[in-house]
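All values reported here derive from a predicted model rather than from experimental measurement. Naming convention: chains lettered A, B, ... in sequence-line order (proteins, then strands); numbering from 1 in each chain. Computation of the quantities below employed the complete heavy-atom set of this structure, encompassing side-chain atoms and omitting hydrogens, waters and symmetry-equivalent molecules.
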Amino acid sequence: MKKNFIEELKWRRMLQDSMPGTEEQLAKELTKGYIGFDPTADSLGVGNLVQVMTLLHFQQAGHAPIALIGGATGMIGDPSGKSQERNLLDEELLLHNQACQKKQLERFLDFNCGSQSATIVNNYDWFKNFGFLDFIRDVGKRLTVNYMMAKDSVKNRISGDDREGMSFTEFTYQLIQGYDFYFLWKNHGVMLQMGGSDQWGNITTGTELIRRMDGGTAFALTTPLIKKADGTKFGKTEGGNIWLDPKRTSPYKFYQFWLNASDSDVENYIRIFTLKNQEEIDALEAEHRLDPGRRILQKSLAEDITVRVHSADDLRAAQAASEILFGKSTEEDLKNISEVDFLDIFEGVPKGVLSKSEFEAGLPIIEALVKPGFLPSNGEARRALQENSISINKAKVTLDTTLNVEHLLKGKYVLLQRGKKNYFVVTVE
RNA sequence: GGGGAGAUACUCAAGCGGCCAACGAGGACAGACUGUAAAUCUGUUGGUGUACACCUUCACAGGUUCGAAUCCUGUUCUCCCCA
């Protein structure tokens with residue numbers, strides 16, 4: 001039985017807004033719908049995952065999803081939600097990024113299931129030979145500047161307190177994106193564009209163009225922007241973005257990111273980022289409330305999504321690593337694991353080197369912290385020690401500690417740690 | 001082109017010529033408490049030595065002074081108003 005797309009999004013809290021008639025259109029026939037992705041990086045981030053999941057639900061509801069890679073629009077930069085002009089990207093980089101993102105999308109969407117198969121298009125294909133004069137004549141003529149100025153993305157940039165002004169290039173962005181929709185509608189029969197709620201203005205420019213150029217009808221649907229309870233931006237940590245690419249964000253960090261979701265956020269996340277159905281989620285939430293400390297929801301969220309994005313093996317490794325790093329493990333446990341496991345667990349952890357000779361002579365703790373590059377200065381190291389925040393091989397140490405060969409794990413590693421979460425592996429050679 | 005305001009550490013933002021490594025707020029980090037949370041409390045937040053010390057910092061370059069983030073000159077940049 002096919003799911004009802006709109007209903008599905010609603011209970012998952014993924015529906016912000018849709019144009020009248022959208023639901024009827026979807027009920028009527030197999031519909032093609034698309035979402036645009038920005039190829040500004042060679043990997044999608046967790047922020048993009050909302051859109052990926054939207055496409056996945058769309059496909060599961062019996063429709064055909066299209067991912068549009070914004071090769072052309074990426075060169076311009078979407079002004080929505082930004083107060084500063086974007087740096088432009090060159091063509092070669094865009095193509096590389098696009099190829100990488102495509103691979104990631106393939107992990108979610110089914111690209112080979114007949115009429116519902118997912119497809120990927122690149123708007124660079126139809127823009128690269130579209131001349132400027134042709135464009136302003138055929139497209140630019142259709143919309144008034146007044147209409148374009150009324151969009152929030154533009155208004156915020158030319159008025160408002162922290163306005164920065166905006167270049168003509170960015171001003172035309174909505175026309176380019178609008179034309180994408182027209183092009184897909186005209187040539188591929190695409191009836192629906194979806195996106196985050198910040199895209200509403202750009203999407204409706206598309207439906208407006210379709211109406212004015214060909215008198216056609218098309219639909220729009222947006223998902224809410226994910227907000228965290230503390231008001232900070234979703235998908236970013238102090239360390240930067242959380243990416244799907246394991247080379248950028250290790251599966252361990254990825255797992256930890258979800259596991260660390262706050263109680264107030266996780267109820268949204270589990271609806272949005274997993275395919276668990278309503279009953280499963282209700283049951284998990286009930287269990288979670290009985291004992292929030294066990295973090296049932298966070299765990300099942302993190303497991304589900306880590307397996308989907310990475311693999312079951314990566315999940316196991318991440319869990320094992322978490323157990324060692326955060327569980328009640330001791331120096332004994334560290335000594336007992338194999339070298340392979342050790343390296344595996346600390347794969348994503350920063351590393352440094354010390355020479356064997358100075359180690360054998362006995363190394364004052366401060367030097368051991370600073371020399372390999374774990375802490376930036378002696379003062380910092382001293383402070384950290386006074387705070388009682390430094391551990392060697394999971395055991396707290398004090399200022400007067402001296403490191404020697406007895407501290408070595410497997411004969412050549414030392415695990416430095418500041419606080420609960422900051423680890424550093426020193427290799428002695 | 002004319003006039004005005006400004007440039008201080010991660011960010012915002014105080015700073016009578018000496019008591020300024022520089023108030024305060026936010027952020028970040030750590031400790032206690034916890035659930036690897038939230039909230040709360042506490043501490044830290046230029047470098048070296050740790051004791052009062054010394055060194056490098058308040059856009060840049062000079063100058064005045066026993067002494068300058070603080071005064072003067074020039075340079076660069078930013079913002080605002082008028083044309």
Residue set satisfying salt bridge (Lys or Arg N to Asp or Glu O under 4.0 Å) with A:E285, at least two apart, ordered chain then number -> A:R271, A:R289

Both distances under 3.5 Å, Watson-Crick or G-U wobble: report the partner of [N], or none.
N	answer
B:rU70	none
B:rG6	B:rC77
B:rC20	none
B:rG1	B:rC82
B:rU57	none

If we take the [atom1] atom in both [N] and [M], what is their distance in whole Å?
N	M	atom1	value
B:rG24	B:rU44	P	11 Å
B:rU42	B:rC52	C1'	27 Å
B:rA7	B:rG15	P	10 Å
B:rC66	B:rA59	C1'	28 Å
B:rG49	B:rA13	C1'	32 Å
B:rG3	B:rU8	C1'	26 Å
B:rA25	B:rA14	C1'	11 Å
B:rU56	B:rG47	P	16 Å

Within residues 301-310 of chain A, those residues having any heavy atom closer than 4.0 Å to RNA chain B are none

Closest non-hydrogen atoms of A:L56 and A:F108, given as atom of the first, atom of the second and distance, are CD1-O, 3.5 Å

Does the plane of the ring in [X] sit parallel, tilted or perpendicular to the ring in [Y]? Use 30° and 60° as the thresholds.
X	Y	value
A:F234	A:W258	tilted
A:Y179	A:Y182	tilted
A:F342	A:F346	tilted

Note to self: Once you apply a heavy-atom cut-off of 4.0 Å, does A:K299 come out as touching a base, just sugar-phosphate, or nothing?
What the structure shows: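 Touches nothing.
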
query = When we call it a touch if two heavy atoms are under 4.0 Å apart, what does A:N378 touch: a base, just sugar-phosphate, or nothing?
reply =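 Contact class for A:N378: sugar-phosphate only.
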
Interatomic distance, [X] [atom1] vs [N] [atom2] [rounded to whole Å]:
X	N	atom1	atom2	value
A:L375	B:rC29	CG	C1'	11 Å
A:L369	B:rC29	CG	P	18 Å
A:N422	B:rA28	CG	P	13 Å
A:E380	B:rU48	CD	C1'	14 Å
A:Q417	B:rC29	CD	P	15 Å
A:Q386	B:rG49	CD	P	13 Å

Next on the checklist: If only side-chain N and O atoms count, and only distance matters, is there a donor-acceptor pair under 3.5 Å linking A:K394 with A:Y423?
Outcome noted: yes

Is the backbone of [Y] close enough, under 3.5 Å, to the side chain of [X] for a donor and an acceptor to pair up by distance?
X	Y	result
A:Y147	A:R142	no
A:N123	A:G71	yes
A:K102	A:I120	no

*Among A:K247, A:Q104, A:R248, A:Q101, find the one that has a side-chain hydrogen bond (donor to acceptor under 3.5 Å, both in side chains) with A:S43.*
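For A:S43, the side-chain hydrogen bond (donor to acceptor under 3.5 Å, both in side chains) test succeeds with only one of A:K247, A:Q104, A:R248, A:Q101, which is A:Q104.
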
Reading nucleotides 36-46 of chain B from 5' to 3' and marking B where a protein heavy atom lies under 4.0 Å of the base, S where only the sugar-phosphate is that close, and - otherwise, the string is BS-----BSS-

The answer to which of A:G419 and A:R294 contacts RNA chain B further toward the 5' end, by nearest nucleotide, is A:G419

If you take the centroid of each ring, where Trp contributes its six-membered ring, are A:H57 and A:F5 closer together than 6.0 Å?
no

